[in-house]
Trainee: 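Submitted below is the structure of interest, expressed as structure tokens.
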Amino acid sequence: MRTLIKHALAAAAPAESATVMGWIRTRRDSKDFSFLALNDGSCAANLQVVVDSNTSGFDELARFTTGASATVEGPLVASPAAGQKWEIHARRIELIGGSDPAYPLQKKGHTLEFLRTIAHLRPRSNLFGAVFRTRSALAFAVHRFFQERDFVCVHTPIITASDCEGAGEMFRVTSLKGDPDAKPEADFFAKPAYLTVSGQLEAETFACALSNVYTFGPTFRAENSNTARHAAEFWMIEPEMAFCDLQGDMDLGEAFLKAMAAYTLEHCAEDLAFFNRFVDPGTIDRLKFVVERPFLRLPYTEAVEILKSAGRTFEFPVAYGLNLQSEHERFLTEDHCKCPVTVFDYPREIKPFYMRLNDDEKTVRAMDVLVPGIGEVIGGSQREERLEALEASLRYHQLDPKDYWWYLDLRRFGTVPHAGFGLGFERLLMFLTGVSNIRDVIPFARTPGNAEF
RNA sequence: UCCAGAGUAGCUCAAUGGUAGAGCAAUCGGCUGUUAACCGAUGGGUUGUAGGUUCGAGCCCUACCUCUGGAGCCA
């Protein structure tokens, strides 16, 4: 029976026999014996295998090269040398799949750029093993966080026929050959269809029935964005709460980030230590900081005042009514506050139609959570629940209320104050691991001009 | 898409306009416990592509391609 290497390395006592399977990271030969470093991805560490002339399969040892897959059986014993607690003295080794000398993953360091060109092999590297084990753990933690708080998971549609979500360029979905706009009524859905850019509007309908809901699924943007923080396909988390205002929304967003940081510290310690050592030496401190310290909350107006009196010049101007630029967000969270900052109550003209208008009739109940290194990681708002105000807001943003008939119905039939936010899963992972490029926290990144794998 | 930078051996990088090199990897050999093992030897190149300047271009010029960083858009 196969033992995962993580379990073999966690053994409390020696074992007479253990069978492990994995891929060879290195082989170190002496005259009469060899060391194999075997990795099966169950943990970051390799298992050391000692092979000598008594081992069945010893005559095949030359084919046990870096990258090859193998089965190893033998007693698990305490290692006499430093570097590992346990090792296997192989009774039997068996090659499963040999590895060509052209195997591109060397024992020594590779650049992230090179590893992106071999995205099918990079999960076998230390860094990407750590990243994707952490991604899996965090995906579970996201569901656990919401389920423990009685949120209902809603699978909102990936294909949408409403082109009015207003969150950026969309990918067209069609089954027609040629120009899909020539005869849209002949298309599969009898109207133009797209890949979703947000599940928020649909999530609101479920919140106005099941109270607290969340989505966690793929999202698509056809923007020609070439940055370390954007991908054409990414995973988004969107909670939506009925009977909730902006304060409750900010409370949830901050609690969520704290919970994710705490989960990583508790359950991903080995991989986190790797990130802290090789990716960003501030990673563990940053997570502890997020867990322990309260977030700072700043009204937009106050944030603008801070930036104006910052005593330094920004490339982009600071004035009420202008969006905060990346450099402004980074100044607030990295230099001025030195902690995550939640900015709220933005001018209505720079925010979408669905956000609730404040009594001053100038600002809306929007909030952005800014974190050091990434900038905006959460964007959310209390939604406009008043029918007349929502219709007025649509007109203000020059949108046609007819296109939003079912969304307006929510305000017509038993409307309630409600609020929610959106958060990019990959950006969360970047913040938690210190990995600075979104292409390196998603298995196969889709970016403009790149969908090879 | 805009601005800047970079493309040289499988990888990471050198090379005043004048004979393209090193480390690692690979291949072969050595070594009685290694830890990115170590020691020795060998093979490895249309310098991103296409033009141009020059007696001579990896190096200078033009265009294009790709990648990286920053910006915009945003999550």
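Nothing here was measured: the structure is a model prediction, and the numbers come from that model. In what follows, chains are A, B, ... by sequence order, proteins preceding strands, each numbered from 1.
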Trainee: Taking atom C1' of B/rC65 as reference, at what distance in whole Å does atom CG of A/Asn450 sit?
Mentor: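 For the pair A/Asn450 CG and B/rC65 C1', the rounded distance is 14 Å.
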Trainee: With pairs taken as Watson-Crick or G-U wobble and both distances under 3.5 angstrom, which stems of at least three consecutive pairs involve RNA chain B?
Mentor: B:1-7 with B:65-71, B:10-13 with B:21-24, B:26-30 with B:38-42, B:48-52 with B:60-64
Trainee: OP1 or OP2 of B/rA36 sitting under 4.0 Å from any side-chain N/O of A/Lys107?
Mentor: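 Negative; the distance criterion is not met.
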Trainee: When the distance from CG of A/Asp29 to P of B/rU35 is rounded to whole Å, what number comes out?
Mentor: 13 Å
Trainee: Verify the contact: side-chain N or O of A/Arg116 to OP1 or OP2 of B/rU68, cut-off strictly under 4.0 Å; return yes or no.
Mentor: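 So the side-chain polar atoms of A/Arg116 do come within 4.0 Å of the phosphate oxygens OP1 or OP2 of B/rU68, strictly under.
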Trainee: For residues 439-449 of chain A, which residues have at least one heavy atom under 4.0 Å from RNA chain B?
Mentor: none
Trainee: Can you measure A/His110 atom NE2 to B/rC13 atom P for me and round it to whole angstrom units?
Mentor: 12 Å
Trainee: Taking side-chain contact (heavy atoms from CB on, under 4.5 Å) as the definition, give me every residue that meets it alongside A/Ser393, ordered by chain and number, with sequence neighbours left out.
Mentor: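 For A/Ser393, the residues satisfying side-chain contact (heavy atoms from CB on, under 4.5 Å) (neighbours in sequence not counted) are A/Phe353, A/His397.
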Trainee: Just checking A/Glu87: base, sugar-phosphate only, or nothing, at a heavy-atom cut-off of under 4.0 Å?
Mentor: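 Since a base atom lies under 4.0 Å of A/Glu87, the category is base.
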Trainee: Is the A/Phe256 ring parallel, tilted or perpendicular to the A/Phe146 ring (thresholds 30°, 60°)?
Mentor: parallel
Trainee: Who passes side-chain contact (heavy atoms from CB on, under 4.5 Å) against A/Ala78, sequence neighbours left out?
Mentor: A/Trp86
Trainee: Could you tell me the separation between the CZ atom of A/Phe114 and the P atom of B/rA9, rounded to a whole number of Å?
Mentor: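 Atom CZ in A/Phe114 sits about 12 Å away from atom P in B/rA9.
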Trainee: For A/Phe425, which contact category applies under a 4.0 Å heavy-atom criterion: base, sugar-phosphate, or nothing?
Mentor: nothing
Trainee: May I ask you to check if A/Arg149 and A/Phe145 form a cation-pi contact, with NZ or CZ under 6.0 angstrom from the six-membered ring centre and within 45° of the axis?
Mentor: yes
Trainee: Quick one: does A/Lys258's side chain have a donor or acceptor within less than 3.5 Å of a partner on A/Val291's backbone?
Mentor: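 Checked: pair present.
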Trainee: Is the phosphate of B/rG33, meaning OP1 or OP2, less than 4.0 Å from a side-chain N or O of A/Ser79?
Mentor: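 Answer no for this pair, as no side-chain N or O of A/Ser79 is under 4.0 Å from OP1 or OP2.
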Trainee: Once salt bridge (Lys or Arg N to Asp or Glu O under 4.0 Å) is applied, do any residues pair with A/Asp280, and if so which ones, sequence neighbours excluded?
Mentor: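 Once residues adjacent in sequence are excluded, the partners of A/Asp280 under the salt bridge (Lys or Arg N to Asp or Glu O under 4.0 Å) criterion are A/Arg286.
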Trainee: Regarding B/rU35, can its base be found pairing with the side chain of A/Asn46 as donor and acceptor, where the two atoms are less than 3.5 Å apart?
Mentor: no
Trainee: Rounded to whole Å, how long is the line connecting atom CZ of A/Arg25 with atom C1' of B/rU34?
Mentor: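 Distance check: A/Arg25 CZ to B/rU34 C1' gives 18 Å.
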Trainee: Find the distance A/Gln106:CD to B/rU12:P and express it as a whole number of Å.
Mentor: 9 Å
Trainee: Show every salt bridge (charged side-chain N to carboxylate O under 4.0 Å, His left out) that has at least one partner inside residues 340-355 of chain A, sequence neighbours left out.
Mentor: A/Lys351-A/Asp368
Trainee: Got a donor-acceptor pair under 3.5 Å from the side chain of A/His230 to the base of B/rC74?
Mentor: yes
Trainee: Taking the six-membered ring of A/Phe128 as reference, does the cationic atom of A/Arg122 (NZ for Lys, CZ for Arg) lie under 6.0 Å from its centre and within 45° of its axis?
Mentor: yes
Trainee: Using the side chain to side chain donor-acceptor pair (under 3.5 Å) criterion, which residues pair with A/Gln398? Sequence neighbours excluded.
Mentor: none
Trainee: Using side-chain contact (heavy atoms from CB on, under 4.5 Å) as the criterion, list what pairs up with A/Arg293, not counting sequence neighbours.
Mentor: A/Phe289
Trainee: Indicate, yes or no, whether a donor-acceptor pair under 3.5 Å links the base of B/rC73 to the side chain of A/Ser225.
Mentor: yes
Trainee: Using a cut-off of 4.0 Å on non-hydrogen atoms, how would the nucleic acid contact of A/Gln48 be classed: base, sugar-phosphate, or nothing?
Mentor: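 Base contact.
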Trainee: For A/Asn226 and B/rA4, give me the distance from atom CG to atom C1', rounded to whole Å.
Mentor: 15 Å
Trainee: Think A/Arg28 has a side-chain N or O under 4.0 angstrom from the OP1 or OP2 of B/rA37?
Mentor: yes
Trainee: Going by the rule salt bridge (Lys or Arg N to Asp or Glu O under 4.0 Å), which residues pair with A/Glu254 if we only count those two or more places apart in sequence or in a different chain?
Mentor: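 Partners of A/Glu254 under the salt bridge (Lys or Arg N to Asp or Glu O under 4.0 Å) test: A/Arg297.
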Trainee: Within the pair A/Thr26 and B/rA37, is there a side-chain N or O less than 4.0 Å away from OP1 or OP2?
Mentor: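 Answer is yes, contact under 4.0 Å.
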Trainee: Ignoring hydrogens and angles, answer whether the base of B/rU34 and the side-chain atoms of A/Gln84 contain a donor-acceptor pair closer than 3.5 Å.
Mentor: yes
Trainee: Taking NE2 from A/His89 and P from B/rU34, how many angstroms apart are they, rounded to a whole number?
Mentor: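 Spelled out: NE2 on A/His89 to P on B/rU34 is 13 Å.
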Trainee: Could you list the donor-acceptor pairs under 3.5 angstrom formed between side-chain atoms of residues 9-22 of chain A and any protein atom two or more places apart in sequence or on another chain?
Mentor:
| unit_1 | atom_1 | unit_2 | atom_2 | d |
| --- | --- | --- | --- | --- |
| A/Glu16 | OE2 | A/Arg91 | NH1 | 3.3 |
| A/Ser17 | OG | A/Glu73 | OE2 | 2.5 |

Trainee: Record whether the side chain of A/Glu223 comes under 3.5 Å of the base of B/rG72 through a donor-acceptor pair of N or O atoms.
Mentor: no
Trainee: On a whole-Å scale, what distance lies between the P atoms belonging to B/rG48 and B/rA41?
Mentor: 31 Å
Trainee: Just to be sure I understand the rule, does A/Pro104 reach a base, reach only the sugar-phosphate, or reach nothing, if contact means heavy atoms closer than 4.0 Å?
Mentor: nothing
Trainee: Using heavy atoms and a sub-4.0 Å distance, could you list which residues of residues 334-346 of chain A are near RNA chain B? By number, please.
Mentor: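 The answer is none.
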Trainee: State which residues pass ring pair (Phe, Tyr, Trp, His ring centres under 6.0 Å) with A/His328; sequence neighbours excluded, sorted by chain then number.
Mentor: A/Phe314
Trainee: Reckon A/Asn437 has a side-chain N or O less than 4.0 Å from the OP1 or OP2 of B/rG69?
Mentor: yes
Trainee: Looking at A/Thr111, does any N or O in its side chain come under 4.0 Å of the phosphate oxygens OP1/OP2 on B/rU12?
Mentor: yes
Trainee: Under a 3.5 Å threshold, yes or no: a donor from one side chain and an acceptor from the other, between A/Glu204 and A/Tyr407?
Mentor: yes
Trainee: Which is true for A/Asn224 with a 4.0 Å heavy-atom rule: it touches a base, it touches only sugar-phosphate, or it touches nothing?
Mentor: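 Base: the residue A/Asn224, judged by heavy atoms under 4.0 Å, touches a nucleobase.
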